[in-house]
Protein chains: 2
Amino acid sequence: MGIDHRMSRANAPTLEDVARLAGVSTASISRALNDPDKVAKPTRDKIEKAIDALGYTPNFGGRALASNRTNTVGAIIPTMANAMFASGVQAFQEVLSEAGVNLLLATTGYDPEQELRQIKALIAHGADGLMLIGDARPQTTRDFLDKRRIPHVISWCFQPEASPVHVGFDNRAAAYAAMQRVLALGHRRIAMICGVRAGNDRAGDRLDGVTAAIADFGQGAELIQVTEARYRLEFGGDAFEAIMSHTPRPTVIMCGNDVLAAGALKRARELGIDVPGTVSLVGFDDIGLASVVTPPLATVRVPQIEMGRAAARLLLARLGGQDGDGPVELHTEFMPRASLAPPAPDSP
Amino acid sequence: MGIDHRMSRANAPTLEDVARLAGVSTASISRALNDPDKVAKPTRDKIEKAIDALGYTPNFGGRALASNRTNTVGAIIPTMANAMFASGVQAFQEVLSEAGVNLLLATTGYDPEQELRQIKALIAHGADGLMLIGDARPQTTRDFLDKRRIPHVISWCFQPEASPVHVGFDNRAAAYAAMQRVLALGHRRIAMICGVRAGNDRAGDRLDGVTAAIADFGQGAELIQVTEARYRLEFGGDAFEAIMSHTPRPTVIMCGNDVLAAGALKRARELGIDVPGTVSLVGFDDIGLASVVTPPLATVRVPQIEMGRAAARLLLARLGGQDGDGPVELHTEFMPRASLAPPAPDSP
DNA sequence: ATGAGTTATGTAAGCGCTTACATCGAGTCG
DNA sequence: CGACTCGATGTAAGCGCTTACATAACTCAT
């Protein structure tokens, strides 16, 4: 390894090499690189030629040390296995990339301790700022972000009293609206397969929205069962099976996200339970999956791409010293599809 | 921004602060941090106490500059929209994380120029090494990797003559094997929806495998149509529709990946074409989607997680100055599922 | 006891870059 | 035409860390 270093160092031209070749000072080159307007055109040309001739690229460590910035930001998400985060992060990265900023990515598996560990790791690795998902995190973590004055944005959630670092949508309101649509179709016996709520405010908010909509609706509507399940196909299936093995059965099952709903749907097929004939299914997120399964899943469309982009823009603004125009609220849309139908007429 | 810097600097304790408080030299602290065995236990304890008291964390730039390492590696993948890459990258990142290495992530959208740009960006941002997907890249890019002696691994592909930087599976062989299985069922009129081959060796390899298997099989088997399509649901659907609107129709369509196959399946449903009654469909990759759609997709299982892990291990080994045990070949498995059945008896 | 060998610590020289400040020359204006 | 301004460039002092080398404090066989 020592050898490697020496070799790469030996190979790598430094600012001083460029300066010598171009016949200017290192300061001018630095300026030409970082703030071209400060350097006269002819000088800039000489410098450019020298840089090309040597194949010079600035040394990252030197730059970071002197300027105290890395032009790198971190994103910490629960998992990439969920297409929703994957596409959001992709959009996030694309916007950063256009601004010459790179992305450090880490995952937590929905574990708050893991999140703090990753926050520390990314900061130690030089991230200038962070993008985090959701609002549920221990005080320790909040304190760390505050004390270290770490520029960050929080995405995938939005509360009426959101702070300027938030960019997302109101999970509770979206779930409330979806539930209203379902109630309007005539459903009264409702079950929910909810994501694990510990350390995940979105899961809790979605349940709250469903609960509140049912309560506000009245007319005998009732949430007869709630099962928590980790966001994986098979757990969605297990939860579905558990719910359907109880009497009375619900006429509709609201699911914490599309993965759970797809798992439920798959299990329904395996059990010979007709969807939506026997029971309707509603998902959340509208990932690609939702429209490909049979029947297609009714769900809530979440603007994943736009959210990733908006998060990137807000974070870049904050890093640039501006406030950005946060908080940013994005809107969701209920997508009625064939997995949702009115309850069968013979169900009381 | 200037103010921000001054503030964060003022707040941030340096090695010297710790040294003063602990009553030792900065060198000892550096050693305690990077190579604890070199420091006696009592000294280490004093240092630890001082670090805790000050809340010290090493400054990234200083460390990178002095040691010429960042403990950061980059991964450049075509897209995160494909669950296959998403889960591979997740596994990659998890292994790195355990080794205290962080991940810089960038995407190319399958564009070779974009790949080179991202390689340069990640290197400029201090990546010690890179993980790249596939073997198809312009000479310019290869030259850059060579001249700069950038440690890297190449994943998602494997050729018999693979170099030690490869970790993946043989796309051609996997497609060949799948095609053999399909031929054994009795199919003779075959079509393929192939990924875009420009800048994507895996797409080409898969087509080659299919072609070769058909040629070797003989017995009147014929590849009657090949359509290239970008890896998106709707393009898979379009290709399916185009293929099925020609006569003679194939009895089976091999698809370049599961996304194309799922798109084809969706379109089949919309067109009222029975799968597998009228035409069988075979995918590739075995992403979660494949087993959730109706009918479930016959496909080729690719060890995404294990590939990500193996890539990480190999890259870490190479960064550590060892050769690692590359190349690493991983194995695929054909997954027969309901979207594949023998051809209808009335088809000639 | 003594010198060689070993281990623990300190000293100080950079790593490559940015940037405050100094300098210089060429306009501009009274 | 001299004082002054202003833009372009150079000078040089760090930024916080690692590490080669020097030094000090041991151990232990002789």
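Just so it is clear, the values below take in all heavy atoms, side chains as well, and ignore hydrogens, waters and symmetry mates. Residue numbering restarts at 1 for every chain, and letters A, B, ... go by the order of the sequence lines.
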Item to check | Parallel, tilted or perpendicular: ring planes of B:F60 versus A:F60, cut at 30 and 60 degrees | outcome: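 Because their plane-to-plane angle is over 60°, the rings of B:F60 and A:F60 count as perpendicular.
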
Roughly how many Å is it from [atom1] in [X] to [atom2] in [N], rounded to a whole number?
{"X": "A:L65", "N": "C:dC15", "atom1": "CG", "atom2": "P", "result": "13 Å"}
{"X": "A:L33", "N": "C:dT19", "atom1": "CG", "atom2": "C1'", "result": "14 Å"}
{"X": "A:N59", "N": "C:dC17", "atom1": "CG", "atom2": "P", "result": "6 Å"}

Checklist entry - side chain to side chain contact (heavy atoms under 4.5 Å, CB included) with B:Q90: which residues, sequence neighbours excluded? => result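 Once residues adjacent in sequence are excluded, the partners of B:Q90 under the side chain to side chain contact (heavy atoms under 4.5 Å, CB included) criterion are A:T79, A:M80, A:T107, B:E94.
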
Checklist entry - Quick one: side-chain hydrogen bond (donor to acceptor under 3.5 Å, both in side chains) partners of B:D128, sequence neighbours excluded? => result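 Scan of B:D128 (side-chain hydrogen bond (donor to acceptor under 3.5 Å, both in side chains), adjacent residues dropped) gives B:T70.
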
Item to check | For A:Y110, ring pair (Phe, Tyr, Trp, His ring centres under 6.0 Å) partners two or more places apart | outcome: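 In terms of ring pair (Phe, Tyr, Trp, His ring centres under 6.0 Å), with neighbours along the sequence ignored, A:Y110 is linked to A:Y231.
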
Item to check | Charged N-O contact under 4.0 Å between B:D52 and B:K49 | outcome: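 Answer for the salt bridge query: no.
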
Next on the checklist: Using five base pairs at each end to define the local axes, how bent is the helix from C:dA1-D:dT30 to C:dG30-D:dC1, to the nearest 10°?
Outcome noted: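 Helix axis angle between the two ends: 40°.
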
Item to check | Identified side-chain contact (heavy atoms from CB on, under 4.5 Å) counterpart of A:L130 within the set A:V153, A:L315, A:I154, A:I123 | outcome: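 That would be A:I123.
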
Show each protein N/O and nucleotides 6-10 of chain C N/O combination with a separation under 3.5 Å, one pair to a line.
{"from": "C:dT9", "atom 1": "OP1", "to": "B:T43", "atom 2": "OG1", "distance (Å)": "2.1"}
{"from": "C:dT9", "atom 1": "OP2", "to": "B:A40", "atom 2": "N", "distance (Å)": "2.8"}
{"from": "C:dT9", "atom 1": "OP2", "to": "B:T43", "atom 2": "OG1", "distance (Å)": "3.4"}
{"from": "C:dG10", "atom 1": "OP2", "to": "B:S25", "atom 2": "N", "distance (Å)": "2.8"}
{"from": "C:dG10", "atom 1": "OP2", "to": "B:S25", "atom 2": "OG", "distance (Å)": "3.0"}
{"from": "C:dG10", "atom 1": "OP2", "to": "B:S28", "atom 2": "OG", "distance (Å)": "2.9"}
{"from": "C:dG10", "atom 1": "N7", "to": "B:R31", "atom 2": "NH2", "distance (Å)": "2.9"}
{"from": "C:dG10", "atom 1": "O6", "to": "B:R31", "atom 2": "NH1", "distance (Å)": "3.2"}

Checklist entry - Tell me the salt bridge (Lys or Arg N to Asp or Glu O under 4.0 Å) pairs involving residues 30-44 of chain B, sequence neighbours left out? => result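 Every salt bridge (Lys or Arg N to Asp or Glu O under 4.0 Å) pair that includes a residue of residues 30-44 of chain B, provided the two are not neighbours, is B:D35-B:K38, B:K41-B:D45.
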
